[in-house]
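Working notes for the structure below.
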There are 2 protein chains.
Amino acid sequence: MVTIYDIAEKAGVSAMTVSRVINNTGRISEKTRTKVKRVMDELGYVPNQMARSLVLQETRLLFLMITDITNPFYTTLARGAEDAAKKHGYRLLFGNTDEDLEKENDYIDAVLKTRADGVLIAPAGDASLPHLEMLRRHRVPFVLLDREVPGMDSDVVLGDSKEGARQLVKQLVGCGHRRIALINGSRTISSARERLEGYREALKLNDLAYDEALVLETSFGPRSDLTGIEAWLDSLRPLPTAFVAGNNVLAVELMRSLRSRGLRVPEDVSLVCFDELVSYAEMDPFLTVISQQAYQFGYLGMQMLLDRIQSRDGQVPGWRKIVLPAELIVRRSVRQL
Amino acid sequence: MVTIYDIAEKAGVSAMTVSRVINNTGRISEKTRTKVKRVMDELGYVPNQMARSLVLQETRLLFLMITDITNPFYTTLARGAEDAAKKHGYRLLFGNTDEDLEKENDYIDAVLKTRADGVLIAPAGDASLPHLEMLRRHRVPFVLLDREVPGMDSDVVLGDSKEGARQLVKQLVGCGHRRIALINGSRTISSARERLEGYREALKLNDLAYDEALVLETSFGPRSDLTGIEAWLDSLRPLPTAFVAGNNVLAVELMRSLRSRGLRVPEDVSLVCFDELVSYAEMDPFLTVISQQAYQFGYLGMQMLLDRIQSRDGQVPGWRKIVLPAELIVRRSVRQL
DNA sequence: GATTAATATGTTATCGATAACTCTAAATTA
DNA sequence: TAATTTAGAGTTATCGATAACATATTAATC
């Protein structure tokens, strides 16, 4: 590998002079500058980022941890984060935790070892707390995305899950549904809790009883348990006329199960959910959903993170919390009873 | 930040001893080992990867460059690559080029600066050649995914695009279609060329004339040009009875355009394409597709890359080329004429 | 008990860059 | 002309780790 010493030698100057040319610092005569630049081109020099980071004590490297890279919500979010990072000259590293605490732990470890300048993280759940404490302890700035973690104050970008759930239920009730089930992520995830809460509130508001049997708590994850869903469906007699899915993955899994027992949406049962199923939302304008501004989650979160990094030890203006509004998009998956 | 020297001082040993404990090298008495380990825990020590990499001349960092992070084909591929990397103790950095040469160039630059140990890349197109030459010049091992680049020999994992296109056309012909259009990616991308080629061959085989007007060459990219598609559709009189889409994104765009003019699939026109639309393929068992083993692209590609890296200057067994078979999955988007 | 071998640990140089300081020669000022 | 700036470089130490060599114990052998 070509180093700045190789350049220096060939150009007949000192390494420091080369460094000055590279970084455009200090005073350099036009003559040496061009000479050094020519040699750099000739030898195909590329600065060693690690050596730089070591002395500069900054990597310009950021980390984004998402829980499901195959979920369009998170990939769209990732694009937002990427765009914002790029605009500020930072590189962005992605990690995919699969809603798995152990994988998350591995990535946290990697972040610390790499000395990343900051982290954007959609935590796997409340049990991510020790991971976040680890980051805090090592003074790695981070911003939470999509999910809060009780016991940890920090910047965070959330969706209005409670309101979203309320609107979904309201929409169903408006269409005459009264037996409404909820398939949800784990209670150890703040967004799932909020959605359950919103569901319950909306039921109460509409004088509908909350029936625990109508709620299935499973996983938001990429591979949720199909047999659990099957068993749950079997247990529901009579079948609800409508389902609310806590996220897009669950909506898909549920649709699959329903279809396998010959039930059509919306003819036989109605279905609504959080998040678009695909990033090309217009592709299949079928499911009535609460659409979240996935791109904005990433973009705004990244901006907050960069703010933190750049004002490092400076005045800490207190933790900021952005709640992005939930937008109900009514399509064709709900039948008017 | 806690360094190895802080540990050394507090434990009353030299830095080298600490290093030995960390890496489990050399001989250390059980007593000092436990003492050092305790101090490491107390201070919350995390090794500085950059300092290590600098002296070891390896980063254990790999790079995956994909052209569209919102495309489920690539995210599934990414999961495969990630799993394989993880199994071998490598970290994986993702980059998203958006089919954009300039973005790709930026990432190549980042790779070189970071001194990544290797790269897995789905090149933006034939014009990626200089980028690959850059990698080659700096001796960064790489494996091409999904697309070849003329003029550059390397390990590569491909899908059998030509055969896939043949099968799609055959399927349509078998259902009685004779006026079959193709909406495809840019000719500067090898897979698009192969698909066009397969399409032409299949037409010929079935005694159908190749009509240039029936082929639209646009972009595989995340944001393809809708107006181009609209104009093309307008120009097609009479409308073809069936369409082949060169990838999933194009299928979606086309569906959208068709729908906007009141055309239903498959009642009014038939549509088949490459790649599943969503990673939950079963979700919407609607489009007849050539399904590619996206996960395997990533997994096998990563294995080849690691092979290269580990046998570095050792015997180079020649370039390897893996062609993954194309599987036709017949669903409901083709109407029997 | 002296010599040798093995075990445990320390020292120094190095990876590739930059910060902080130093030096030299030319340019400016008194 | 002598004194002082200043432009344009060079030197040295440092970031945090590890390799290679050196050294000090302790244990084993004759």
Side-chain angles (χ1 to χ4, degrees), chain A residues 1-37 39-40 43-61 109-117 138-140, chain B residues 1-37 39-40 43-61 109-117 138-140:
Chain A
M1 269 293 153
V2 181
T3 72
I4 117 180
Y5 297 100
D6 302 324
I7 309 291
E9 190 177 0
K10 190 151 184 200
V13 298
S14 75
M16 200 56 221
T17 300
V18 178
S19 172
R20 290 195 182 101
V21 170
I22 294 167
N23 299 293
N24 245 315
T25 55
R27 304 177 203 283
I28 300 279
S29 72
E30 213 36 62
K31 209 175 84 193
T32 34
R33 184 191 304 280
T34 34
K35 186 170 58 184
V36 168
K37 281 202 165 158
V39 175
M40 285 186 359
L43 299 187
Y45 171 75
V46 179
N48 185 322
Q49 182 61 41
M50 283 167 315
R52 291 195 86 220
S53 299
L54 198 54
V55 50
L56 292 180
Q57 299 285 46
E58 69 156 26
T59 56
R60 299 232 124 209
L61 200 74
D109 205 54
V111 165
L112 294 176
K113 279 187 182 144
T114 313
R115 302 290 193 266
D117 290 347
H138 289 274
R139 300 176 201 295
V140 182
Chain B
M1 269 294 155
V2 181
T3 74
I4 201 174
Y5 297 99
D6 301 325
I7 310 291
E9 189 176 3
K10 190 152 184 197
V13 298
S14 75
M16 199 56 221
T17 300
V18 178
S19 172
R20 289 196 181 98
V21 171
I22 294 168
N23 298 294
N24 245 317
T25 54
R27 304 178 206 285
I28 300 280
S29 73
E30 212 37 63
K31 209 176 82 195
T32 34
R33 184 191 304 281
T34 33
K35 187 172 58 185
V36 168
K37 281 202 165 158
V39 175
M40 281 183 5
L43 299 188
Y45 171 75
V46 178
N48 185 322
Q49 182 61 43
M50 282 167 317
R52 290 196 84 219
S53 300
L54 198 55
V55 51
L56 293 179
Q57 299 285 44
E58 66 156 26
T59 55
R60 299 232 124 210
L61 201 73
D109 204 56
V111 166
L112 294 175
K113 280 190 182 143
T114 314
R115 300 294 193 265
D117 290 347
H138 288 274
R139 299 176 200 296
V140 181

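Naming convention: chains lettered A, B, ... in sequence-line order (proteins, then strands); numbering from 1 in each chain.
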Whole-Å gap separating [atom2] ([N]) and [atom1] ([X]):
{"X": "M1(B)", "N": "dG16(D)", "atom1": "CE", "atom2": "P", "answer": "10 Å"}
{"X": "L112(A)", "N": "dG16(D)", "atom1": "CG", "atom2": "P", "answer": "15 Å"}
{"X": "R60(B)", "N": "dT18(D)", "atom1": "CZ", "atom2": "C1'", "answer": "16 Å"}
{"X": "N23(B)", "N": "dA19(D)", "atom1": "CG", "atom2": "P", "answer": "7 Å"}
{"X": "E58(B)", "N": "dG16(C)", "atom1": "CD", "atom2": "P", "answer": "14 Å"}
{"X": "K31(A)", "N": "dA25(C)", "atom1": "NZ", "atom2": "P", "answer": "15 Å"}
{"X": "R52(B)", "N": "dC15(C)", "atom1": "CZ", "atom2": "C1'", "answer": "14 Å"}
{"X": "Y45(B)", "N": "dG16(D)", "atom1": "OH", "atom2": "C1'", "answer": "7 Å"}

>> Between D109(B) and K113(B) (salt bridge meaning N to carboxylate O under 4.0 Å), is one present in this structure?
In response: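 Looking at D109(B) and K113(B), the cut-off is met.
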State which of [options] makes the closest approach to the side chain of [X].
{"X": "I4(B)", "options": "dC15(D), dA17(D), dA17(C)", "answer": "dA17(D)"}
{"X": "M16(B)", "options": "dG10(C), dG16(D), dA17(C)", "answer": "dG10(C)"}
{"X": "L54(B)", "options": "dT9(C), dC15(C), dA17(C)", "answer": "dC15(C)"}
{"X": "R27(A)", "options": "dA17(C), dG10(C), dA7(D)", "answer": "dA7(D)"}
{"X": "T32(B)", "options": "dG16(C), dT18(D), dT9(C)", "answer": "dT9(C)"}
{"X": "R115(A)", "options": "dT11(D), dA17(D), dA17(C)", "answer": "dA17(D)"}

For [X] and [N], is the shortest distance between a side-chain N/O and OP1 or OP2 below 4.0 Å?
{"X": "S19(B)", "N": "dT18(D)", "value": "yes"}
{"X": "N48(A)", "N": "dC15(C)", "value": "no"}
{"X": "Y5(B)", "N": "dT14(D)", "value": "no"}
{"X": "S29(A)", "N": "dA9(D)", "value": "yes"}
{"X": "Q57(B)", "N": "dT18(D)", "value": "no"}
{"X": "T3(A)", "N": "dG16(C)", "value": "no"}

> Start at the 5' end of DNA chain C and walk down; is the nucleotide closest to L56(A) or to E30(B) reached first?
Replying inline: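 The residue closer to the strand's 5' end, by nearest nucleotide, is E30(B).
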> S14(A) near the nucleic acid: base, sugar-phosphate alone, or nothing, with a heavy-atom cut-off under 4.0 Å?
Replying inline: base
> Hey, does I22(B) reach any base, or is it just sugar-phosphate, or nothing, if we go heavy atoms under 4.0 Å?
Replying inline: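 No contact at all - I22(B) keeps every heavy atom at 4.0 Å or more from the nucleic acid.
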>> Once rounded to the nearest 0.5 Å, what's the spacing between atom CD of E9(B) and atom CG of L43(B)?
In response: 10.5 Å
> Roughly how far, to the nearest 0.5 Å, is the CZ atom of R115(A) from the CD atom of E58(A)?
Replying inline: 14.5 Å
> With a 4.5 Å heavy-atom cut-off, do N48(A) and M1(A) have their side chains touching?
Replying inline: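 Contact flag for N48(A)/M1(A) side chains = no.
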>> Quick check: on DNA chain D, is the nucleotide nearest T25(B) upstream (toward 5') of the one nearest R33(A), or the reverse? Name the residue that is more 5'.
In response: R33(A)
>> Return whichever of A51(A) or R20(A) has its heavy-atom-nearest nucleotide of DNA chain D closer to the 5' end.
In response: R20(A)
> For A116(A), does its backbone N or O pair with a side-chain atom of T114(A) as donor and acceptor, under 3.5 Å?
Replying inline: no
> Between the side chain of S19(B) and the main-chain N/O of A15(B), is any donor-acceptor distance below 3.5 Å?
Replying inline: no
